[in-house]
Amino acid sequence: MSDANCIFCKIAAGEIESDIVYETDELVAFRDLNPQAPTHVLIIPRRHISTINELVDSDGETIGRLFMAAKHIAGEEGTADPGYRVVMNCNEAGGQSVYHVHLHLLGGRRLGWPPG
Ligand code: 5GP
Ligand code: ZN
């Protein structure tokens, strides 16, 4: 359910302070500590899942709700119309540094492609 050594489990439990912008019984969304865009929010399931590779079929609804939360927050942040990006990194070569799945929502500026 949760991992005692996981920083995002601690954020979800309120044991580590964060700037929460949206939450439900299933997920929490908070501002990234080191923002890469004017809007940079991380959306996480409350339940600990380390990487995309650990996802099972029954996680599908939860992962879908992360995207629905991203859509909602993008609207609140005023970045829905100009546009934004959602991205989930997987493992070291994919750029993952915190091993609790999280959807990045980036917006508020023009984003380059392809990513570095
Ligand atoms: P990843 O590299 O795993 O895709 O993304 C992890 C993100 O978590 C990074 O953008 C990093 O800035 C952010 N981060 C790491 N530790 C904390 C923290 O304690 N609080 C918050 N709000 N963000 C964090
Ligand atoms: Zn965790």
Side-chain angles (χ1 to χ4, degrees):
M1 236 15 216
S2 77
D3 180 327
N5 299 313
C6 172
I7 194 161
F8 284 0
C9 282
K10 288 180 182 161
I11 284 176
E15 290 164 15
I16 290 181
E17 208 177 309
S18 68
D19 186 358
I20 292 174
V21 296
Y22 181 72
E23 62 184 320
T24 69
D25 55 355
E26 199 173 15
L27 62 87
V28 185
F30 52 94
R31 295 193 193 280
D32 197 292
L33 205 55
N34 182 25
Q36 301 301 311
T39 293
H40 189 175
V41 171
L42 303 173
I43 307 160
I44 67 167
R46 288 188 184 275
R47 188 161 52 81
H48 182 85
I49 307 168
S50 336
T51 82
I52 296 174
N53 291 337
E54 276 68 50
L55 290 175
V56 295
D57 278 350
S58 57
D59 294 322
E61 269 189 36
T62 302
I63 296 303
R65 291 210 181 93
L66 300 185
F67 279 83
M68 295 310 291
K71 173 191 159 181
H72 171 76
I73 297 160
E76 296 277 296
E77 297 274 315
T79 195
D81 190 33
Y84 57 95
R85 184 172 298 163
V86 289
V87 63
M88 191 180 280
N89 299 324
C90 183
N91 274 344
E92 193 263 330
Q96 186 172 7
S97 60
V98 177
Y99 283 77
H100 177 133
V101 291
H102 48 282
L103 196 61
H104 293 259
L105 164 63
L106 295 143
R109 69 168 171 85
R110 180 163 289 278
L111 300 163
W113 190 265

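As the structure lists them, so they are numbered: ligands from 1, and atoms in each ligand from 1.
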What are the atoms of ligand 1, with element, lying closer than 4.0 Å to any heavy atom of [X]?
{"X": "Phe30", "value": "21 (C), 22 (N)"}
{"X": "Asn34", "value": "12 (O)"}
{"X": "His104", "value": "1 (P), 4 (O), 5 (O), 10 (O)"}

Can you tell me which portion of [X] lies within the under-4.0 Å heavy-atom range of ligand 1? Options are side chain, backbone, both, or neither.
{"X": "Ile16", "answer": "neither"}
{"X": "Ser97", "answer": "both"}
{"X": "Arg31", "answer": "backbone"}
{"X": "Phe8", "answer": "side chain"}

pair [X]-[Y]: side-chain heavy atoms closer than 4.5 Å:
{"X": "His104", "Y": "Asn89", "answer": "yes"}
{"X": "Ile11", "Y": "Phe30", "answer": "yes"}
{"X": "Pro45", "Y": "His100", "answer": "yes"}

### Task
Please work out which of the three classes, parallel, tilted or perpendicular, describes the rings of Tyr22 and His72, given edges at 30° and 60°.
tilted
### Message
Quick check for you: to the nearest 0.5 Å, what is the distance between Asp3 atom CG and Ile49 atom CD1?
### Response
12.5 Å
### Message
Rounded to the nearest 0.5 Å, what separates atom CZ in Arg65 from atom CG in Leu103?
### Response
15.0 Å
### Query
So what does the Cys9 SG - the Zn ion (ligand 2) - Cys6 SG angle come to, to 10°?
120°
### Query
What's the shortest distance from atom 24 (C) of ligand 1 to any protein heavy atom, and which residue and atom give it?
Leu33 CB, 3.8 Å
### Query
Which residue supplies the protein heavy atom nearest to atom 20 (N) of ligand 1, what is that atom called, and how far is it?
Ile11 CD1, 3.7 Å
## Note on the structure
Judged by heavy atoms only, the candidate from Asn91, Asp32, Ile20, Val98 nearest atom 9 (C) of ligand 1 is Asp32
### Message
Is it the case that the side chain of Asn91 and the backbone of Ala93 share a donor-acceptor pair, with hydrogens and angles ignored and the cut-off at 3.5 Å?
### Response
no
### Task
For the pair Arg85 (side chain) and Gly112 (backbone), establish whether a donor and an acceptor sit closer than 3.5 Å, ignoring hydrogens and angles.
yes
### Message
Is there a path of hydrophobic side-chain contacts, each under 4.5 Å between heavy atoms of I/L/V/M/F/W/Y residues, joining Ile44 to Tyr99?
### Response
no
Can you find an N or O of [X] that's nearer than 3.5 Å to an N or O of ligand 1?
{"X": "Leu42", "answer": "no"}
{"X": "Ile7", "answer": "no"}
{"X": "His40", "answer": "no"}
{"X": "His102", "answer": "yes"}
{"X": "Gly95", "answer": "yes"}

### Message
Are more than 12 heavy atoms, taken from residues, nucleotides or ligands other than Asp19, located less than 6.0 Å from that residue's CG atom?
### Response
yes
### Query
Restricting to N, O or S atoms of His48, which is nearest to the Zn ion (ligand 2)?
ND1
#### Entry: Considering only N, O or S atoms of His100, the one closest to the Zn ion (ligand 2)
ND1
### Message
Please evaluate residues Val101 and Glu54 with respect to the criterion side chain to side chain contact (heavy atoms under 4.5 Å, CB included), reporting the C-alpha separation (whole Å), side-chain torsions for both, the decisive distance (0.1 Å), and the verdict.
### Response
CA-CA 9 Å; Val101 291; Glu54 276 68 50; over 6 Å; no
